[in-house]
Protein chains: 2
Amino acid sequence: MSDRFAHEACPLTEVLDRVAGKWSIGIIVAAAQGPIRFTELERTIAGISRRMLTLNLRRLERDGLLVRTVYPTVPPKVEYSLTPMAHELHATLSGLVGWAERHRAAITEARARYDEAVGGGVGVGTTAP
Amino acid sequence: MSDRFAHEACPLTEVLDRVAGKWSIGIIVAAAQGPIRFTELERTIAGISRRMLTLNLRRLERDGLLVRTVYPTVPPKVEYSLTPMAHELHATLSGLVGWAERHRAAITEARARYDEAVGGGVGVGTTAP
DNA sequence: CAGTATCCCATCTGATACTG
DNA sequence: CAGTATCAGATGGGATACTG
């Protein structure tokens with residue numbers, strides 16, 4: 001990511017960078033119930049590739065949101081669990097999920113309307129008097 | 001893509017797709033105070049290119065989160081404002097920003113610790129120069 | 001089981017030039 | 001002012017074969 005300009009005063013960018021990915025939130029939600037293993041995550045998040053799962057796991061661990069615990073057994077067992085900080089984040093995220101649930105239909109409808117307006121002619125936006 | 005996930009009553013993917021971008025949230029927050037013009041957004045969000053601003057603006061408008069109002073004056077004037085639905089989203093987002101403010105230091109510290117443990121920050125999501 | 005390594009395409013992003 | 005057009009590079013993401 002381009003760190004060229006000041007992040008110093010903008011906590012917003014900080015959140016964004018952490019939550020931006022397509023998978024980060026999913027992983028956090030999946031791990032919120034308790035320690036979860038690699039394969040369980042892979043199965044739960046359905047659609048994520050092994051590569052992306054690993055990458056995101058590492059990033060979240062690096063940011064102090066996940067704790068990776070390795071059990072030196074054969075076969076190996078690794079568990080990921082949220083840190084307290086991440087649990088807090090998860091609580092906030094729940095609000096986001098709630099919002100999505102409430103407005104999903106409205107969004108779908110808005111999209112359809114927009115697409116039809118664009119396809120049917122010009123002038124998508126509102127024109128002020 | 002992850003249609004299976006969506007079918008499983010998972011609004012998560014819906015949120016993600018809407019919030020995933022690097023800029024969407026920034027735009028929503030910037031527009032939350034009231035109607036805002038294109039150039040103001042460009043200046044406020046610092047770092048966004050004209051192209052990305054336009055693209056994100058269109059997407060948010062399409063999803064029914066932004067209303068685009070064109071004033072047929074010379075020179076042209078266009079204002080973007082949040083819909084009620086987006087204002088709700090903004091309220092939720094505030095929680096996210098609050099979380100970031102509270103834990104920013106901890107995250108930075110965690111990263112530093114992780115990078116040192118790994119040995120210089122090579123090999124993870126690190127932006128290696 | 002829990003990853004790595006590798007190939008490859010899709011999308012994102014930035015810089016710049018141009019227009020109504 | 002508020003975009004659109006175009007190009008080129010960076011990054012994200014999927015598939016899969018391979019390893020400790």
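Chain naming here is simple, since letters A, B, ... match the order of the sequence lines and numbering starts at 1 in each. Any value given below was found using the heavy atoms of this structure, including those in side chains, with hydrogens, waters and symmetry copies removed.
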Which pairs count as salt bridge (Lys or Arg N to Asp or Glu O under 4.0 Å) when at least one residue sits in residues 89-100 of chain A, sequence neighbours excluded?
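Residue pairs with at least one partner in residues 89-100 of chain A: there are none.
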
Scan for salt bridge (Lys or Arg N to Asp or Glu O under 4.0 Å) pairs involving residues 28-37 of chain A, sequence neighbours excluded, and state none if there are none.
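Of all non-adjacent pairs touching residues 28-37 of chain A, none passes salt bridge (Lys or Arg N to Asp or Glu O under 4.0 Å).
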
Taking [atom1] from [X] and [atom2] from [N], how many angstroms apart are they, rounded to a whole number?
{"X": "B:Tyr71", "N": "C:dG20", "atom1": "OH", "atom2": "C1'", "answer": "20 Å"}
{"X": "A:Ile45", "N": "D:dG13", "atom1": "CD1", "atom2": "P", "answer": "13 Å"}
{"X": "B:Asn56", "N": "C:dT11", "atom1": "CG", "atom2": "P", "answer": "15 Å"}
{"X": "A:Leu55", "N": "C:dT6", "atom1": "CG", "atom2": "P", "answer": "15 Å"}
{"X": "B:Trp23", "N": "D:dT11", "atom1": "CH2", "atom2": "P", "answer": "14 Å"}
{"X": "B:Glu42", "N": "C:dG14", "atom1": "CD", "atom2": "C1'", "answer": "12 Å"}
{"X": "B:Glu40", "N": "D:dA2", "atom1": "CD", "atom2": "C1'", "answer": "13 Å"}
{"X": "B:Met52", "N": "C:dT16", "atom1": "CE", "atom2": "C1'", "answer": "14 Å"}

When you measure from the side-chain N and O atoms of B:Lys22 to the phosphate of D:dG12, is any distance below 4.0 Å, counting only OP1 and OP2?
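For D:dG12, neither OP1 nor OP2 has a side-chain N or O of B:Lys22 closer than 4.0 Å.
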
Measuring from B:Ile27:CD1 to B:Met52:CE, what's the distance to the nearest 0.5 Å?
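If we round to the nearest 0.5 Å, B:Ile27:CD1 and B:Met52:CE are 10.0 Å apart.
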
From B:Ile25 CD1 over to B:Leu60 CG, what is the distance, rounded to the nearest 0.5 angstrom?
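So the CD1 of B:Ile25 and the CG of B:Leu60 are separated by 10.5 Å.
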
Find the runs of at least 3 consecutive base pairs, i with j, i+1 with j-1 and so on, that include DNA chain D, using Watson-Crick or G-U wobble geometry with both distances under 3.5 Å.
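Runs of three or more consecutive pairs: C:1-20 with D:1-20.
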
Do the non-hydrogen side-chain atoms of B:Thr92 and A:Thr92 ever get within less than 4.5 Å of each other?
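Side chain of B:Thr92 against side chain of A:Thr92, heavy atoms only: no contact under 4.5 Å found.
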
If you look only at distance, which donor and acceptor atoms sit under 3.5 Å apart when one is on a side chain in residues 64-74 of chain A and the other is two or more places apart or in another chain?
residue, atom, partner, partner atom, Å
A:Arg68, NE, A:Tyr80, OH, 3.3
A:Tyr71, OH, A:Glu79, OE1, 3.2
A:Thr73, OG1, A:Tyr71, O, 3.4
A:Thr73, OG1, A:Pro75, O, 2.8

Go through C:dA2, D:dA2, C:dT13 for me and flag the one nearest to the B:Lys77 side chain.
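For B:Lys77, the side-chain atoms sit closest to D:dA2.
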
Nucleotide of D:dA2, C:dG14, D:dG13 approaching B:Pro76 most closely (side-chain heavy atoms):
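Of the options given, the side chain of B:Pro76 lies nearest D:dA2.
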
Show every ring pair (Phe, Tyr, Trp, His ring centres under 6.0 Å) that has at least one partner inside residues 82-102 of chain A, sequence neighbours left out.
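Residue pairs with at least one partner in residues 82-102 of chain A: A:Trp99-A:His103.
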
For a quick test of reading the model, state the closest non-hydrogen atom pair linking B:Leu82 to B:Ala32 and the distance between them.
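Heavy-atom minimum between the residues: CD1-CA, 3.7 Å.
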
Given B:Leu53, B:Thr54, B:Leu55, the one that forms side-chain contact (heavy atoms from CB on, under 4.5 Å) with B:Arg51
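When side-chain contact (heavy atoms from CB on, under 4.5 Å) is applied between B:Arg51 and each of B:Leu53, B:Thr54, B:Leu55, only B:Leu55 qualifies.
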
How would you label the contact of A:Thr39 with the nucleic acid (heavy atoms, under 4.0 Å): base, sugar-phosphate, or nothing?
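Sugar-phosphate contact only.
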
Might you list the N or O atoms of the protein lying below 3.5 Å from N or O atoms in nucleotides 3-7 of chain D, with each pair's distance?
residue, atom, partner, partner atom, Å
D:dG3, OP1, B:Arg58, NH2, 3.1
D:dG3, OP1, B:Arg68, NE, 3.2
D:dG3, OP1, B:Arg68, NH2, 2.7
D:dG3, OP1, B:Tyr80, OH, 3.4
D:dG3, OP2, B:Tyr80, OH, 2.6
D:dG3, O6, B:Arg50, NH1, 3.1

